[in-house]
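Presented below is the structure to which this report refers.
Order of appearance sets the numbers: ligands from 1, and atoms from 1 within every ligand.
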Amino acid sequence: MKKFYIETFGCQMNVHDSEKVIGTLLSKGYEQVDTPEGAELVLYNTCSIRDKAEQKVFHRLQQFKRDHGKGKVFGVLGCVAQQEGERIFERAPHVSLVCGSASYNKLSDLLVQIENGDRRVTGLSLNTEDTFDTPMTRRDNPNRAYITVIEGCDKSCAYCVVPFTRGPERSRTSESVLEEARRLADTGYTEIQLLGQNVNSYRDPSGRGWDFARLLRAVADVPGIRRVRFTTSHPRDFVKDIVDAIDENPVLCNHVHLPVQSGSTAVLNRMQRLYTRDQYMRRIEWMKSTRRGIAITTDIIVGFPGETEADFEATLSLLDDVEYDSLFSFKYSRRPGTPALALDDHIPEEEKSRRLTFLQEHQRFIQIRRNSENVGLVEETMVEGFNHATEQWIGRTSRNQTLNFTHPVHTAPGNGDNLIGCYLPVRVTRAGPNSLAGEALSAAG
Ligand code: 5AD
Ligand code: SF4
């Protein structure tokens, strides 16, 4: 039995790709181990969204350089593999396999080539019609499962490597998505997260021709599925029908992640984001006027080339206007091959750091205010774990908030008390900037 170790960096697409890679390797007779030391095959599934993420894999490879010759095979998968290609062999000569996500269908063949004595093999073609569908997916979470609905990205945001690392958009047929959802429901999964770099541009390649809203409604109707989430959305392709679908069907979680990147239309133009601040705000208004109250989260980049103090203030005022429930914020990072490299007026690193800290502090107050509005409400909560230090259960609401709670009967996991995977009504009693706390109302549901 050949032993392999895999470490995953980056987004949920990468996490799910690793689940598929693991499933494929297990079906080929490999065994997964927890440390690189114990493995013959060491794989890194990498991210190159920002420079820091890319550096991580080279640090890891450096650590194991001296193990070269001890019979280990090193492989680099994912976005750094696609971006750097054969240059990885120069920077890390002990690597034998370099394979991007659009070539995972060939991964087993590439490993056979290595077994047959090839020193260096690559899978770097982006010319694939296929998505990486595999019945052998090994899923880590017993309650929440990911399903890829679309791979790749056809947008060309000026800062972003993804169109180069994940190739052009390829949608899966709705039938294959639904079949996977039904199979997951049959094996006990209750929450499904639909994945894609831009799920909103989903187009069913089969005769049905469904768009994303239609697909969402159909997945929500699969018996046994209690929650459906999706990520990630591009505002340009985010249509009102998606909001209507969420408002109509409680199985569709009332949370939308809608990355805005900047609150300044001038910056959005230079980023080639294809929408203005006003157009973005219209989408926010659709969500704010729903009956269910949709939680809204976003991504922000500070210090994009040419971002003036006034542009930055426009982003702060957008945070006030939207009142996001949460956000991810990043300093702009130069990425190889991207259009933004050619722009003038790159912002000094210290200034980017200042803006990032200021923005995060600004948002903290918004979240304290937003979260405190939840005190007194009863939220349906899916139990994800137990914190032994605080003796609280850890749950998640449909709005994607973490809700830590006590239970009058079930005070710890074990002895038949395990609530993990259950859905419970929990009354919110306290709110912090990043989570809520409360008390469960009744027995497991
Ligand atoms: N620099 C900083 N942040 C970036 N992102 C994407 N590319 C870059 C970059 N070059 C951020 C965007 C995106 C999130 C996944 O990562 O905000 O939405
Ligand atoms: Fe990182 Fe983007 Fe690749 Fe995901 S798609 S792993 S975020 S570079």
Could R283 and F238 be counted as a cation-pi pair, given that NZ or CZ must be under 6.0 Å from the ring centre and within 45° of the axis? no

One should read off an interatomic distance between C153 SG and N198 CG, to the nearest 0.5 angstrom, of 6.0 Å

Cut-off under 2.8 Å, centre atom 4 (Fe) of ligand 2, protein N/O/S atoms: C11 SG

Below 4.5 Å, heavy atoms only, C-beta onward: do N400 and T297 meet side chain to side chain? no

For R87, is there an ion pair with E90 - N to carboxylate O distance below 4.0 angstrom? no

Nearest protein heavy atom with distance in Å, relative to atom 15 (C) of ligand 1: D299 OD2, 3.8 Å

Check whether any N or O atom of R335, backbone or side chain, sits under 3.5 Å from an N or O atom of ligand 1, and answer yes or no. no

Check ion pair E19-R144 (N to O, under 4.0 angstrom): no

I need the atoms of ligand 1 closer than 4.0 Å to a non-hydrogen atom of I49, numbered in the order shown. 5 (N), 6 (C), 7 (N), 8 (C), 9 (C), 10 (N), 16 (O)

Should the proximity of Y159 to ligand 1, defined as any heavy atom under 4.0 Å, be assigned to the side chain, the backbone, both, or neither? both

Does only the side chain of I301 get under 4.0 Å from ligand 1, or the backbone, or both, or neither? Count heavy atoms. side chain

Of all the heavy atoms in K331, does at least one lie under 4.0 Å from an atom in ligand 1? yes

Heteroatom distance test (R50, ligand 1): nitrogen or oxygen, under 3.5 angstrom: yes

Electrostatic pair E307-R270, nearest N-O below 4.0 angstrom: no

Going by an N to O cut-off under 4.0 Å, is there a salt bridge joining E151 and K20? yes

